[in-house]
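Reviewing the structure listed below.
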Amino acid sequence: MNKSIVVDADGHIMEPSDLWEKNIEARFKDRALRIRKDDNGLEYMEIDGKKSKIMNEGVFGGYSGFGASLEDRENIWLKSGGIDYEDARFPAAKDPDERIKWLDDNQIDATVIYPSMGISWQTECQDPQLSAAYCRVYNDWLSNFCSRHRNRLIPVAQVPLIDINEGVKEIKRAAKLDMKGVYVFAPTVNGIRYGDPYYDPFWAEAEDLEMPIAIHVSHNPEFVGHHLYSKENSGRGPGEIRWFHAMMINGDCVLAFTSLFAGAVFDRFPNLKVGVVETGCGWIAHWLDFMDSKFEMLRFEMKIKHRPSEYFKRQCFISGEPDETTIPAMAGLIGADKLVWGSDYPHTEGHPNPVEEIKCAVAPLPALDQALILGENAARLYDINPC
């Protein structure tokens, strides 16, 4: 039997902290995305010249707590300023050759690359031109980062959607940079739901370019339920608050994904591919059943022609965590061909032995289904051929 391809569909890099200061257009230099220190020596992200509401008080070690012990995680999260961002950048999170070594050590053929700093700034940047400039800097850098190992390091573009015209321009440019997919910030930045026809020019471009869209967990100061912890809505503080924040930021992804069905996006763009990443997969079977049920109840006023589960089977995918016990059940309920997995390297919530864990998770499934989940699905989505 031939060896199955193994693809990590959710890996991350850690951008240089001075990436935007060095590379953004001159007119935006004083508004570059950057990391600064406050009067107490604690790092914070500066976005458009302002201190971030959520990425502050020295939290950046969490971007690289991969495999950390409980004691180390306590140092990263509870002791403000315990580790600076640049000190936290693992070799394999900042150097492409080191990343290849990490892939080899973990028996991974290829990895799909998402940002770290990039998952944290879009809701706090309300200038469409500046947002577009931030994305251009990142996409240029990531494309170059992956260039020596293009068959194994798969770059996913970050696009600005606060102004749809800028989003269309950037996805076209990203395709010319040979980027293989698009990361969509989970919470809408302009207050317009993703199912609204406003975004149609962007979905049309993604469909034409055959670039899959991934709705990935993103940091948002106004995450679902943030008002319940209004005094510390950044997510820092007692464990209850941090845990609640970690749980509820998934809600932005569910909201964004659901709005695509409500807005009949999959009717208008029947070849568009959309996935949800880093939310786990165990919820999706229930959610599809729930959407189908409410569709049947209200179909007389719905725009969509078919049940949501039918669009999902035709056009969507979801990533599971390597240690999820629900993966075999989801394979049976939604189809093994809809599932990918991700290590989340090098972030704290990542999985230190991802391939061992995912192989264990899919072991109850038939061999063909195992191969789909381990890598064939992701390879097909992102046109990956690591040989």
Side-chain angles (χ1 to χ4, degrees), residues 7 9-10 112 114 119 122 154-161 164 167-168 170-171 174-175 179-189 192-218 250-281 283-285 287-288 290-292 295 302-320 330 334-342 372-373 377-384:
V7 179
D10 180 26
V112 180
Y114 290 89
I119 65 174
Q122 283 202 32
I154 313 302
V156 169
Q158 181 164 26
V159 294
L161 291 180
I164 198 61
V168 169
E170 190 57 19
I171 192 175
M179 304 187 96
K180 296 298 186 181
V182 179
Y183 154 49
V184 166
F185 204 74
T188 59
V189 179
I192 303 172
R193 63 191 180 278
Y194 284 131
D196 192 280
Y198 174 79
Y199 298 98
D200 280 4
F202 179 76
W203 306 134
E205 202 64 48
E207 183 181 55
D208 288 347
L209 293 169
E210 299 183 348
M211 294 178 76
I213 300 294
I215 302 169
H216 187 287
V217 165
S218 310
N250 286 4
D252 287 324
C253 294
V254 178
L255 188 155
F257 191 53
T258 304
S259 75
L260 297 177
F261 295 90
V265 170
F266 298 114
D267 279 315
R268 296 195 295 279
F269 305 101
N271 295 308
L272 179 69
K273 303 300 182 187
V274 180
V276 188
V277 180
E278 207 179 310
T279 62
C281 68
W283 60 275
I284 192 62
W287 201 247
L288 291 172
F290 197 44
M291 287 198 293
D292 283 355
F295 167 72
M302 296 289 288
K303 297 176 183 177
I304 56 178
K305 300 175 182 177
H306 308 289
R307 295 188 304 169
S309 61
E310 294 176 48
Y311 296 106
F312 183 89
K313 289 178 181 177
R314 187 178 77 188
Q315 295 178 242
C316 301
F317 63 97
I318 189 166
S319 74
M330 292 306 103
I334 68 171
D337 60 326
K338 303 285 98 181
L339 289 162
V340 298
W341 67 276
L372 289 173
I373 297 169
N377 291 333
R380 183 181 65 256
L381 279 165
Y382 294 102
D383 190 26
I384 299 170

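Numbering starts at 1 and runs along the sequence shown.
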Open item on the list: Before you tell me yes or no, could you show the steps for Asp252 and Phe185 under side-chain contact (heavy atoms from CB on, under 4.5 Å), namely the whole-Å CA-CA distance, both residues' side-chain angles and the distance that decides it to 0.1 Å?
Closed with: CA-CA 9 Å; Asp252 287 324; Phe185 204 74; over 6 Å; no

Task: Stepwise side-chain contact (heavy atoms from CB on, under 4.5 Å) test for Val274 and Gln315 - done: CA-CA 7 Å; Val274 180; Gln315 295 178 242; over 6 Å; no

TODO: Mind running side-chain contact (heavy atoms from CB on, under 4.5 Å) on Ile213 and Phe202 for me, showing each step along the way?
DONE: CA-CA 11 Å; Ile213 300 294; Phe202 179 76; 3.8 Å; yes

TODO: Applying side chain to side chain donor-acceptor pair (under 3.5 Å), run through Thr279 and Asn250 and close with a yes or a no.
DONE: CA-CA 6 Å; Thr279 62; Asn250 286 4; 5.4 Å; no

Open item on the list: Quick one, Ile318 with Leu339, criterion side-chain contact (heavy atoms from CB on, under 4.5 Å). Give me CA distance, side-chain angles, the key distance, then yes/no.
Closed with: CA-CA 5 Å; Ile318 189 166; Leu339 289 162; 3.7 Å; yes

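In this structure, Asp200 pairs ionically with Arg268, as a charged nitrogen and a carboxylate oxygen lie closer than 4.0 Å.
Residues Glu207 and Pro270 form a side-chain contact, since some pair of their non-hydrogen atoms from C-beta on lies under 4.5 Å apart. Residues Cys253 and Val217 are in side-chain contact: their nearest non-hydrogen atoms beyond the backbone lie under 4.5 Å apart. Between Asp267 and Lys303, every side-chain heavy-atom pair lies at or beyond the 4.5 Å cut-off. Counting heavy atoms from C-beta outward, Val340 and Ile373 have side chains that stay 4.5 Å or more apart.
In terms of modelled atom types and a separation under 3.5 Å, the side chain of Ser218 and the main chain of Ala186 share a donor-acceptor contact. Between the side chain of Lys313 and the main chain of Ile334, no donor-acceptor pair closer than 3.5 Å is present. At distances below 3.5 Å, not a single donor-acceptor pair connects side-chain atoms of Asp337 with backbone N or O atoms of Asn377. Of the possible polar contacts, one joining the Trp341 side chain to the Val7 backbone as a donor-acceptor pair under 3.5 Å is found. The main-chain N or O of Ile304 is never found under 3.5 Å from a side-chain atom of Tyr311 such that the two would form a donor-acceptor pair. Remark: side-chain polar atoms of Arg307 are not paired, donor with acceptor, to backbone N or O of Met291 under 3.5 angstrom.
The side-chain contact (heavy atoms from CB on, under 4.5 Å) test with Gln122 singles out one residue from Val159, Val184, Val189, and that residue is Val189. Screening Val265, Ile215, Leu161 against Tyr194 for a side-chain contact (heavy atoms from CB on, under 4.5 Å) leaves a single residue, Leu161.
Rounded to the nearest 0.5 Å, atoms CD1 (Ile154) and OH (Tyr382) are 10.0 Å apart. Within the model, atoms CZ of Phe269 and CG of Leu260 stand 11.0 Å from one another, a figure rounded to the nearest 0.5 Å. To the nearest 0.5 Å, the span separating CE on Met211 from NZ on Lys273 amounts to 15.5 Å. The line from CD1 of Ile192 to OG of Ser259 is 11.5 Å long, rounded to the nearest 0.5 Å. To the nearest 0.5 Å, the span separating CG on Leu381 from NZ on Lys180 amounts to 12.5 Å. Between atom NE2 of residue His306 and atom CZ of residue Phe295 there is a gap of 8.5 Å, rounded to the nearest 0.5 Å.
The shortest heavy-atom contact between Pro201 and Pro197 is CD-O, 4.0 Å. Summarising the geometry of Met330 relative to Ala285, their closest heavy-atom pair is SD-CB, 3.7 Å, with the distance given to 0.1 Å. The two residues Ile119 and Tyr183 have their closest heavy-atom pair at CA-OH, 3.4 Å. When every heavy atom of Ala9 is checked against every heavy atom of Tyr114, the shortest pair comes out as O-CE1, 3.5 Å.
Classification of the Trp287-Phe290 ring pair by plane angle, with boundaries at 30° and 60°, yields tilted.
For Phe261 and Phe257, the gap between ring centers is short of 6.0 Å.
By the side chain to side chain donor-acceptor pair (under 3.5 Å) test, Asp10 pairs with His12, His216, sequence neighbours left out. Remark: Glu278 engages no residue in a salt bridge (charged side-chain N to carboxylate O under 4.0 Å, His left out) (not counting sequence neighbours).
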